[in-house]
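In the text below, chain A, chain B and the rest are named by the order of the sequence lines, each starting its count at 1.
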There are 2 protein chains.
Amino acid sequence: MRTDAQKNYEHLLAVAREVVTEQGAQASLRDVARKAGVGLGTLYRHFPTREALLEALLRSSFDALTERAAELEASSSPEEALVSWTQRCIACAHEYRGAISLMVSAIDDPRSALHGSCVAMKSAGARLLARAQAEGVARADLVSADLFALISALAWLNDQPSFAPRAEHLFDVVASAILSRRASTDGGKRRSPAPR
Amino acid sequence: MRTDAQKNYEHLLAVAREVVTEQGAQASLRDVARKAGVGLGTLYRHFPTREALLEALLRSSFDALTERAAELEASSSPEEALVSWTQRCIACAHEYRGAISLMVSAIDDPRSALHGSCVAMKSAGARLLARAQAEGVARADLVSADLFALISALAWLNDQPSFAPRAEHLFDVVASAILSRRASTDGGKRRSPAPR
DNA sequence: ACCTGAACACCGTTCAAGT
DNA sequence: ACCTGAACACCGTTCAAGT
């Protein structure tokens, strides 16, 4: 990469970090280029999609997340590891408002620039979940996609200003569901109660 | 209202129902007006905001929801009533993809056209929740805002194509958390596990 | 090899002008 | 009393032209 290109890349990333922090993942890319004092085409060549830009912004956090999963697996109890890592995931996804929606779309789209990060996150979670299930401290009927979904849902709740004040509490509620030993109190009957 | 205005209003609503069903709550309003064969200004006078249009689309569903809450309170056990109504709420919010985000913003914004519907939904849920808590079949540390948040989160999950296949299962998981008798297995200690 | 910005096809929103 | 659609200020995306 030419040195002027390198400089543009880094400056764009720094400006994007500011703008996306302020306005969320749906921030105007035009605005980013403008504030970076760079042509719109320059931004598009360095980051061909919004997802590519977000991936660049989140990459280090995601790498740390995968690393952290391995550490926790070695150092903590299955329950502690799963809960603590889940919490970190949510904080990570919540780093930029609105990012979680793009991530959720990316999990099923291999062409998305965010696909790799999402799959890595799901896989790391799968290991911690399986370990907790083997010890009987997590619901047995959860698959890794469920964990990813619940983490996403909590991250989404955190993004909503009206729910943010109760975010920690809502985390505890969902965490307690993940950690239940049993699948449910009364099997599947609850879904269609007798009308009278 | 003049009869031609009345006709426009109804036709707009019918076209909007189609378009929003197809494209979600973020559908182009221009597109709605175009497909209705009506000037853009006509749409804006009948529905001054996107929220107003959505409110008109969802009004009957919301009314039915409030009614249903009262019925369930009279006819079902506290647990059955809460779970069954929660399920209906989610189905209702899921009626139009992306609608839940607008509803969540509306809960704290009295000027939104969706505010009333959201508050009504939250209040109806509060009654059913309190009834279940009084009987000791729902977590005691939940407030009505928490129930609204969990319903919203599940509706959001349903909106994501990648999560839709597990939607019922995810409902069961969260429902089991709401219905837990205890607040959690080990109090608040779980949130900061010893690092080693 | 990289950068620029005009061009294109869209938005939401407003409001003067028409009927 | 209601309707229309041009006008304005924005988008995302592409790509010919420049350095």
- Task: Classify the nucleic acid contact of B:A33 as base, sugar-phosphate or nothing, counting any heavy atom under 4.0 Å across all strands shown.
- Result: nothing
- Item | Watson-Crick or G-U counterpart of D:dT14, or none if no pair lies under 3.5 Å | C:dA6
- Item | For C:dT19, the Watson-Crick or wobble partner whose two distances fall under 3.5 Å | D:dA1
Do [X] and [Y] have side-chain atoms, one donor and one acceptor, less than 3.5 Å apart?
| X | Y | value |
| --- | --- | --- |
| B:H115 | B:D109 | no |
| B:S61 | B:E95 | yes |
| B:S176 | A:R139 | yes |
| A:D141 | B:H169 | yes |

Can you tell me how far [atom2] of [N] sits from [atom1] of [X], to the nearest Å?
| X | N | atom1 | atom2 | result |
| --- | --- | --- | --- | --- |
| A:Q23 | D:dC10 | CD | C1' | 13 Å |
| B:L43 | C:dG12 | CG | C1' | 11 Å |
| B:H11 | D:dC3 | NE2 | C1' | 16 Å |
| B:L54 | C:dG12 | CG | P | 14 Å |
| A:D4 | C:dT4 | CG | C1' | 13 Å |
| A:R34 | D:dA9 | CZ | P | 13 Å |
| B:Y44 | D:dG5 | OH | P | 16 Å |
| A:L40 | D:dA17 | CG | P | 19 Å |

Think [X] has a side-chain N or O under 4.0 angstrom from the OP1 or OP2 of [N]?
| X | N | answer |
| --- | --- | --- |
| B:S28 | C:dG12 | yes |
| B:H46 | D:dC3 | yes |
| A:R45 | C:dC2 | no |

- Between B:A5 and A:Q26, which has a closest nucleotide on DNA chain D that is more 5'? B:A5
- Note on the structure: Ranking C:dC2, D:dC11, C:dT13 by distance to the side chain of A:R30, first place goes to D:dC11
- Note on the structure: A:N8 has its side chain closest, among D:dA1, D:dC3, C:dC3, to C:dC3
- Note on the structure: Closest to the 5' end of DNA chain C, once B:R2 and B:P48 are matched to their nearest nucleotides, is B:P48
- Item | Aromatic ring pairing A:W156/B:W156, orientation class (parallel under 30°, perpendicular over 60°, tilted between) | parallel
